[in-house]
Amino acid sequence: MKDLLFKRFIQLIMVAWGVGTLTFILMRSLPGDMAYRLAASRYGQDNFDSSTAELIRHELKLDQSAWSAYFSWLGDLLQLNLGNSMVSDLPVMDTLSHMLGHSLLLAGVGMIIAILLAFPLGLWAAKYGGWADRLTLLFSTSVRALPVFVIGVLLILVFSLELELLPVAGFGTPAHLILPSLALAISLAAVSSRIIRNEAKRVFNSSFFEFAQIKGLSTRKAFQRHGWRNLLVPVIAFFAIQLITVVEGVVMIESLFSWPGIGHGLAHAIFARDIPIIQGAALLMGIMFVVLNTLVDIISYYLDPRIKQEFSE
Amino acid sequence: MSFKKMHAAFASLIIFFASNMYADTPTSSNTIKVNAAFEFNSIDPSVSGYLYTRMQVLETLVDVNADGNLTAGLATSWTTSDDGLTWSINLRPDVVFHNGQKMTVKDVISSLKVAKRKQGPLKSAPIDSILAGDQGELVISLTKPYKVLPAALAHYSTSILPAKSYSFDDKLTELVGTGPYKMYEFKPPHKLVVEKFDQYWGQVASVPFASYLTGHRAEARVLQARSGQADIVFGLDPAAAPMLARSNRVEIIQSKLPRTLVLKVNAAHPFLKEVQARQALSLAIERKGISMAVLRTPDSATTQLLPSSMSNWFIPNAPKVDKDLDQARALLKEIGWEENSDGILQRDGQPFALHLITYADRPELTTVATALQAQWKKLGVDLKVDITNSSAIPAGHQDGTLNLALIARNYGFIVDPLLTLIKDFGQESGGDWGSMNWHNPQIQVALKGLVNENNPDRYRATAQAFAEAVATELPVIPIASYTQQTSVNKRIEGFRFDPFERNFYLNKITIK
């Protein structure tokens, strides 16, 4: 266990440095004058011109060499200082924690609803096969074929306009969380229910499951004692990967529901060339990836005795 | 753990988490809910001040009425000396900041000095000093006469804040204003909630709270209006407005804005330097079609830069320019363009090919750009359209690489359009958002001279001459004016639209 955590810690430091450096190089190599981009984003199209761009170039010392900018970022990072946004001048950490907090809330609740939807659907399809399987396959394929944005609009039409139960967009009350997380969950469950179905089917058809039943356990008992663990190891790894893509990639849901998440914030920061925000966001997401992987490792460590053995050898 | 237990545990966890995170929020019955497309990202008035004056947190010395006339704001009156070099501004007494402190001339001086050092119209004003007078009035001394100073003082970047709100390096530490609403919740870039301020010097608001939510997507804004979850929704998609108007919940208000859709032209480009070429391109534009099909406001087609509401700058009986392809072809033939076998015009072996850039911030720009591409193709002009960031336009102007750019220019950004016009057209090199290499020194000098012109007749004559010159020489090609579509929920009363987009007049609104 100690080995596992130490390995992940080294990985964490490498990821932080690597992701930050890579974003820095990528952002510097994008075409277009950064000072103009920043001026347009900070002051808006009606209120900026080339003199504003020069003002910003001077204020933010954009004419310094790439090396000195890179080393000053690295120096700040070592002191755990992510700097200030070049557009809003607010501390990157405050901006990111606001956005990441909302993204994690949306992703977390979306994930929980997705799990509550996907497990019954997947297990049902695996256990009964035939029509049940085909019906869930139809659900999965049709939902996957729809952009998540359309699912969102459909939910708004039903729950906000027709039934007038929930708000269309915004944030700040629990009610605001329901529609975006439901839209997200439906789209996630479409895939994860199939993964669960496949894994459950693998377990149901395995020789160890058959053996458990032969030795006298009921299907229910056999599943509780031997099925769950075997099914969960790959499924948890899949959910972890899905959670990361959800946190960074729900731009459409966030814009539709005016949700202040990191996907939307990052897209805007890239348009504006707001390098500190981009680097900070990439860094936090990189760290999250490692932390999440570590959590998955720890859960798998306890779920799967084979991993314990591997580490003890 | 059984499934049922797991469900219950998850549900209670969510409710616990959510209810702890969101306590004490204003309710829908005591809040005016506003929704529009623009984001805000700072408390600094020079950056996002447009939102804080609209939400009535910040106020300026000078106000503007719907006709564009300057009225008293935090200043009650202003006079200028005979030589035009000294302005005396009397401040409103008994104005209290949201922190309970009384507004003093020291606060006003500090705010204006900071505004002068930051982005905004004061930056380029010829100000020598800003001091307090003997009677407690404000005295601004200039290095040369500057008639438009009061108009500059109506701009959001000149909002008045307590002197101690700024740190030594001009950074604003907290947003404390004088308006009828004060800050309650600040969640950039999406949400702002303001609370009524009972010690306001003017009409105290009757609705306790007002909220602003950024609605990025036009579809989401329409749905917000339709569901009644937003009371006032600005910037409705013109295509969706008629559908929304059928709902018995909202009223749609159409208001003309001093914003014009124009083509910025590089008059030094070898194909665009002759005035006939620019006239031909203008004649080949189907303005009515664009205003009907894209902007959905049939009377918005225009060939003039400024709207009729800015009467000095509007030619009242100008002949209507309709699409005339034959005349356009004849003009181009005059300057040597002949059609080749592919239907493209050619001169000295070179095809008439141009490059147009525009930006995606306003969805109609992309559609209009592609409409121009199709319309000019009929004339034999091969137009390439590039959708980019708005910053590419000033950058292309500065490095001289720009051919054409399609822009939506706001001439009411500073109440008196003169300052914007001087910036855009006042010099031969032009302005980032105006002409480019347009040579008409007589008009350009006269335009700049208007900042000192006190005689209204002479002012109007020069303004008219400028409008004529733009209409005939086409340093930019106007296409259509803008109409703002706003939906207002019938549960609120007293809504007023400000064409200069400075104020939402929330304190005049009541909830039925």
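Here is how names work: the chains are called A, B, and so on, in the same order as the sequence lines, proteins then strands, and each is numbered from 1. Since we're looking at a predicted model, the values are computed, not measured.
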Structural part of [X] lying under 4.5 Å from a heavy atom of chain A:
X: B/S390; result: both
X: B/P188; result: both
X: B/L213; result: side chain
X: B/E39; result: side chain
X: B/R117; result: neither
X: B/Y156; result: side chain

**Item:** Contact check, side chains of B/N41 and A/T95, non-hydrogen atoms, under 4.5 Å
**Value:** no
**B/Y50 side chain near A/Y43 side chain, heavy-atom distance below 4.5 Å** = no
Reported [atom1]-to-[atom2] distance for the pair [X] and [Y], which is rounded to 0.5 angstrom:
X: B/Y359; Y: A/F271; atom1: OH; atom2: CZ; answer: 16.0 Å
X: B/N389; Y: A/Q45; atom1: CG; atom2: CD; answer: 10.0 Å
X: A/L90; Y: B/I43; atom1: CG; atom2: CD1; answer: 8.0 Å
X: B/S227; Y: A/L163; atom1: OG; atom2: CG; answer: 12.5 Å
X: A/L161; Y: B/Q224; atom1: CG; atom2: CD; answer: 10.0 Å
X: A/R42; Y: B/S46; atom1: CZ; atom2: OG; answer: 8.0 Å

**Request:** State yes or no: are the ring centers of A/H264 and B/H190 separated by less than 6.0 Å?
**Result:** yes
**Item:** Any donor-acceptor N or O pair under 3.5 Å, side chains B/D432, A/Y36
**Value:** no
**Prompt:** Any luck finding a side-chain donor-acceptor pair between B/Q398 and A/S50 under 3.5 Å?
**Reply:** yes
Residues, nucleotides or ligands: over 12 heavy atoms within 6.0 Å of [X] [atom1]:
X: A/F159; atom1: CZ; value: no
X: A/Y302; atom1: OH; value: no
X: A/K127; atom1: NZ; value: no

**Prompt:** Of all heavy-atom pairs between A/L166 and B/Q229, which one has the smallest distance, and what is that distance?
**Reply:** O-NE2, 3.2 Å
**Request:** Return the minimal non-hydrogen interatomic distance between B/W433 and A/F48, and the atom names on each side.
**Result:** NE1-O, 2.8 Å
**Item:** Residues B/R226 and A/E164 bridged, charged N to O under 4.0 Å
**Value:** no
**Prompt:** Can we say A/D46 and B/R259 salt-bridge, meaning some charged N sits less than 4.0 Å from an Asp/Glu carboxylate O?
**Reply:** yes
**Message:** Quick check on the interface: out of A/S160, A/G108, A/S88, A/G170, who has the most heavy-atom pairs with chain B under 4.5 Å?
**Reply:** A/S88
**Asked** Using a cut-off of under 4.5 Å for heavy-atom pairs, which of A/G265, A/S255, A/A40 has the most such pairs with chain B?
**Response** A/S255
Part of [X] within contact of chain B (heavy atom distance under 4.5 Å):
X: A/I56; value: neither
X: A/A169; value: both
X: A/F257; value: neither
X: A/L38; value: neither
X: A/S85; value: neither

**Fill in**
With chain A, the option among B/A220, B/S42, B/A395 that has the most non-hydrogen atom pairs under 4.5 Å is B/A395
**Asked** With a cut-off of under 6.0 Å to the ring centre and 45° to the axis, is B/K187 in cation-pi contact with A/F171?
**Response** no
